[in-house]
Protein chains: 2
Amino acid sequence: MQLNELSARSGVSAASIKYYLREGLLQPGEAVTATRARYDAGHLRRLELIQSLRQIVGLGIEQIRAIVSVADGGAPRLEVLATVQRVVLRLGPHGEGTNHGGGSRDTHGAGHARPGDAVVQLRGWPDEESDARNALDAQLALMERLGIPLSTEILDAYSGAMDTIAGLDLQLTAAAASLDQAIQTAAVGMHMHSQLLLKLLALAQASHAIWRFEGRA
Amino acid sequence: MQLNELSARSGVSAASIKYYLREGLLQPGEAVTATRARYDAGHLRRLELIQSLRQIVGLGIEQIRAIVSVADGGAPRLEVLATVQRVVLRLGPHGEGTNHGGGSRDTHGAGHARPGDAVVQLRGWPDEESDARNALDAQLALMERLGIPLSTEILDAYSGAMDTIAGLDLQLTAAAASLDQAIQTAAVGMHMHSQLLLKLLALAQASHAIWRFEGRA
DNA sequence: AGGATAGGATAGTGCTCCTATCCTAAAGGC
DNA sequence: GCCTTTAGGATAGGAGCACTATCCTATCCT
């Protein structure tokens, strides 16, 4: 199929496809001749991925490029998914914890206490240095600084649910037919769970408010 | 204090303060004379609120206005917080479920099954029509459509945690000195929990991946 | 031969959140 | 009384982002 057909089938305008090509989100098609290029199902898949990351997850072009460039670079699936995590994690509007220098608050090399230690031990997760671990520590520190209370009970419930989901996610992403699909599954899944929590919280708050102000049924 | 001092103390540029005044996010100061206006601690508080909603929660000017206009309209605290929920809930990039017409998929007036029924009954939450409830139903339906698996176990863990947190939140917002502070507490809190979950999920996924690919310690 | 096509370059659009400039009328300090 | 400062209104400019539109040339297919 060539550009026009790719556009028609994907629902993405030809102009946008050209834009994505320019930005390196989409691999150039196979150049049949100098002015004819052929695109395949992989390109269709990639466009669907881009659409999902843009419209559902809300990533910017640069962030999408950060992900797909790793994928297109032939990196192993695990590494690509780690990149997805890294990008989606710093999705706090405008990029809260860039952390791209090195030394954060302390070197934490000497096995000192970190905010996330309790959770990690509770779940028996490997106590390794990782972006996710750093992000968690930063988040817990931030919440404490903002005076948002967090009981062990809550962290237990959260991490328990996440532990369960992570296992399922691993199966899903492992079962994904293509790398692009695995990326999409991972990114969309993370976002959806986060959104689900938001909605449950809202309903819980509404329920408590009703109980409190309308006579605690 | 007058505009310049308000700017210095809040760290918001005078130009931005004027902008917020124009946009109706900030109440005009008390006009001492025709060219002198006095601002008080309330204005400082409001600016802090605006900053939080912009930079942490990532709301747009229009969304912030939707919240503060209700607050400034003298609505009761409960109603203001409901507005906060409404705004933060449809924060799915670009506003997934606008729902601002009326009839969604079915009228669900006849007590038909809705996706969120199980959770509501599990928690004993009041089974009332509400924005939060609609948002939850929509989210569950969306996740099912996307093929994201959700076990009862997970919903149990999520909703249990949310139930606990909602109780705490209610205390926090009830204890807030000002309405603006209550708004800030609620909005920032919702966002922070959602972000925390994201980070825990990432760590859980990383842990499972390590187990799976590096010899399941 | 001639209309269609790929892909490159370039500029424009629409949106949002400011930021800067200018203006007028009026204070307040000296 | 004069001169700087100020409020607040109007208006324009600017930066970032994700496109979108136009034009171009070298092809290709028929």
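All chains are named by letter (A, B, ...) in the order of the sequence lines, taking the proteins before the strands, and each is independently numbered beginning at 1.
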Can you give me the N/O atom pairs linking the protein to nucleotides 5-7 of chain D at distances under 3.5 Å, or say none if there are none?
residue: D/dT5; atom: O2; partner: B/Arg36; partner atom: NH2; Å: 3.4
residue: D/dT6; atom: O4'; partner: B/Arg36; partner atom: NH2; Å: 3.4
residue: D/dT6; atom: O3'; partner: B/Gln2; partner atom: NE2; Å: 3.4
residue: D/dA7; atom: OP1; partner: B/Leu3; partner atom: N; Å: 2.8
residue: D/dA7; atom: O4'; partner: B/Thr35; partner atom: O; Å: 2.5

[X] [atom1] to [N] [atom2]: how many Å, rounded?
X       : N      : atom1 : atom2 : answer
A/Gln55 : D/dA18 : CD    : P     : 12 Å
A/Ile17 : C/dG8  : CD1   : P     : 14 Å
A/Leu26 : C/dA6  : CG    : C1'   : 14 Å

*Around B/Glu23, counting heavy atoms of other residues, nucleotides and ligands shown, do more than 12 lie under 6.0 Å from its CD?*
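Check passes, neighbour count above 12.
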
Ion pair [X]/[Y], N-O distance below 4.0 Å:
X        : Y        : result
B/Asp137 : B/Arg114 : yes
A/Asp117 : A/Arg133 : yes
A/Asp180 : A/Arg45  : no
B/Arg86  : B/Asp131 : yes

*asked:* Just verifying a value: how many Å separate B/Leu198 CG and A/Leu197 CG, rounded to the nearest 0.5 Å?
replied: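 If I round to the nearest 0.5 Å, the distance is 10.0 Å.
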
*Are A/Ser194 and B/Ser194 close enough that a side-chain donor and a side-chain acceptor fall under 3.5 Å?*
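The answer is yes; a qualifying pair exists.
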
*Would you kindly compare B/Pro28 and A/Ile50 by the position of their nearest DNA chain D nucleotide and give the one closer to the 5′ end?*
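By nearest-heavy-atom nucleotide position, the 5'-most residue is B/Pro28.
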
Expected rows: protein N/O vs nucleotides 13-19 of chain C N/O, under 3.5 Å:
residue: C/dC17; atom: OP1; partner: B/Ile61; partner atom: N; Å: 3.1
residue: C/dC18; atom: OP2; partner: B/Tyr20; partner atom: OH; Å: 3.4
residue: C/dC18; atom: OP2; partner: B/Arg54; partner atom: NE; Å: 2.8
residue: C/dT19; atom: OP2; partner: B/Ser13; partner atom: OG; Å: 3.4
residue: C/dT19; atom: OP2; partner: B/Ser16; partner atom: OG; Å: 2.8
residue: C/dT19; atom: O4; partner: B/Arg22; partner atom: NH2; Å: 3.4

*Check: A/Gln205 side chain, B/Leu170 main-chain N or O, donor-acceptor pair, under 3.5 Å*: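 Checked: no pair found.
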
*In Watson-Crick or G-U wobble terms, both distances under 3.5 Å, what is the partner of D/dC29?*
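C/dG2 is the nucleotide pairing with D/dC29.
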
*Are any of A/Thr33's side-chain N or O atoms less than 4.0 Å away from OP1 or OP2 of D/dC28?*
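Looking at the OP1 and OP2 atoms of D/dC28, one of them is under 4.0 Å from a side-chain N or O of A/Thr33.
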
